[in-house]
Amino acid sequence: MGYSSVDDVEKVVAQALSSATTPTTTSTRSLLEIGRVFDQNLVPTDVVEWYIARADEEINSYLSQLYKVPLCELADFESSLLADLDEYNTFIILTQPCPLNPGDIIILKYRTIEERHEIEAIIAEDTYSTVDPIQFAFSAGTRVVRVKFPEPIRIVSARMSAANVYDKHFAAQVSPNISDYGKYMREQSRTEMSNILNGRTILHG
């Protein structure tokens with residue numbers, strides 16, 4: 001698993017790589033998906049994952065001077081379910097409010113059963129929905145652990161990947177073949193890497 005995900009790259013990259021039609025037919029797609037979904041004819045998921053892996057290698061090469069790489073996910077918050085998860089309640093309700101945000105990764109763990117999910121939306125102060133349906137009927141009291149890479153590694157990986165995807169599959173069709181957007185994303189990423197190596201940003205954990 002990379003430092004970022006295909007979903008992270010989709011959120012960072014410009015709308016020029018999105019499409020309102022399905023990759024195999026001419027049937028229309030919901031207009032609400034424009035600018036949020038890659039055109040699969042142009043940028044398949046496995047290609048985006050390849051760019052993420054290359055971006056992570058570049059991050060590791062930068063940080064190897066100061067940190068042991070590759071970096072690992074660490075738990076930074078733990079709570080528990082206030083209510084059972086079943087066919088009547090599909091939302092995660094926590095016993096204590098916590099700063100979960102859309103895109104955060106959580107692990108639900110009950111005895112030997114464990115599921116990993118991404119937070120989709122905040123329904124209320126302590127209630128959340130997930131991107132993928134929760135498969136197991138977890139009972140109240142189940143551990144809910146948020147895991148993440150040290151900040152700002154995830155966004156740096158997403159920016160570097162998005163810059164390479166954008167320049168390769170969109171900007172290369174025009175002249176010059178390196179876009180201002182790609183340059184800006186790389187500049188932001190290198191600034192963050194420089195801050196880490198110079199001690200202005202500390203990778204906790």
Side-chain angles (χ1 to χ4, degrees), residues 1-17 35-36 38 43 45-79 97-109 114 116-122 128 130-131 143-172 176-205:
M1 187 188 70
Y3 293 148
S4 61
S5 65
V6 174
D7 189 53
D8 292 331
V9 177
E10 286 183 351
K11 286 181 171 64
V12 172
V13 81
Q15 294 187 7
L17 294 180
R36 301 180 61 187
F38 277 140
V43 191
T45 299
D46 62 326
V47 172
V48 181
E49 291 172 343
W50 186 86
Y51 279 111
I52 291 172
R54 303 293 77 75
D56 292 352
E57 289 176 356
E58 190 172 347
I59 291 171
N60 289 339
S61 68
Y62 271 110
L63 299 183
S64 61
Q65 305 175 49
L66 194 60
Y67 291 94
K68 181 179 178 180
V69 292
L71 304 173
C72 295
E73 282 184 322
L74 295 174
D76 73 337
F77 178 85
E78 181 173 341
S79 185
C98 106
L100 285 182
N101 294 302
D104 283 352
I105 304 299
I106 61 167
I107 294 176
L108 297 164
K109 185 172 180 61
E114 187 175 297
R116 180 188 179 95
H117 290 279
E118 180 180 344
I119 297 296
E120 180 181 41
I122 302 172
Y128 308 88
T130 57
V131 173
R143 293 176 62 199
V144 180
V145 180
R146 179 174 66 181
V147 294
K148 63 195 305 185
F149 291 104
E151 299 171 351
I153 297 301
R154 182 176 176 180
I155 187 60
V156 170
S157 173
R159 284 173 176 163
M160 294 173 71
S161 306
N164 292 332
V165 168
Y166 189 86
D167 284 350
K168 174 64 176 178
H169 294 277
F170 177 72
N177 61 1
I178 297 180
S179 66
D180 290 336
Y181 176 81
K183 289 180 180 177
Y184 177 66
M185 288 293 102
R186 291 186 188 90
E187 182 181 345
Q188 283 191 313
S189 299
R190 288 172 181 146
T191 298
E192 291 290 356
M193 292 292 97
S194 177
N195 287 340
I196 293 172
L197 292 179
N198 290 324
R200 289 189 290 270
T201 300
I202 305 299
L203 299 186
H204 294 286

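Just so you know, residue 1 is the first one in the sequence shown, and it goes up from there. This one's a predicted model, so the numbers in the text were calculated from it and none came from an experiment.
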Side chain S157, main chain I153, donor-acceptor under 3.5 Å: no
Pairwise side-chain contact, S4 with K11, heavy-atom cut-off 4.5 Å (strictly under): no
Contact check, side chains of R186 and D167, non-hydrogen atoms, under 4.5 Å: yes
Beyond-backbone contact of I196 with V156, side-chain heavy atoms, under 4.5 angstrom: no
Test item: S194 and R200 side chains (from C-beta on) under 4.5 Å apart, heavy atoms: yes
Under 3.5 Å donor-acceptor, S189 side chain and M185 backbone: yes
Under 3.5 Å: donor-acceptor pair, side chain of D56, backbone of G2: no
Value rounded to 0.5 Å, distance of CD1 in I155 from CD in E192: 9.0 Å
Sequence-distant partners of E73, side-chain contact (heavy atoms from CB on, under 4.5 Å), two or more places apart: M1, R116, V147, F149
D104 bridged to K148 by N-O distance under 4.0 Å: no
Separation of M193 CE from N198 CG (nearest 0.5 Å): 11.5 Å
E120, CD: over 12 other non-hydrogen atoms inside 6.0 angstrom: yes
Minimum heavy-atom distance between Y62 and L197, given as atom pair plus value: O-CD2, 3.5 Å
Heavy-atom side-chain contact between E187 and R159 under 4.5 Å: no
Residue pair A121 / P102: nearest heavy atoms and the distance that separates them: CA-CG, 4.3 Å
Donor-acceptor contact present, side-chain S64 to main-chain S61, <3.5 Å: yes
Nearest heavy atoms of I106 and I119, plus distance in Å: CD1-CD1, 3.9 Å
K168 versus Y51, closest heavy-atom pair with distance: CG-OH, 2.9 Å
Closest approach of L71 to N60 (non-hydrogen atoms, all atoms of both residues): N-OD1, 4.5 Å
Minimum-distance pair of heavy atoms, taken over all atoms of P150 and C72: CD-O, 4.1 Å
Nearest-0.5 Å distance that lies between atom CD1 in I107 and atom NE2 in H117: 10.5 Å
Side-chain heavy-atom pair N164, R54 within 4.5 angstrom cut-off: no
Flag if over 12 foreign heavy atoms under 6.0 Å of OH, Y184: no
Spacing of D180 atom CG and Y166 atom OH [to the nearest 0.5 Å]: 9.5 Å
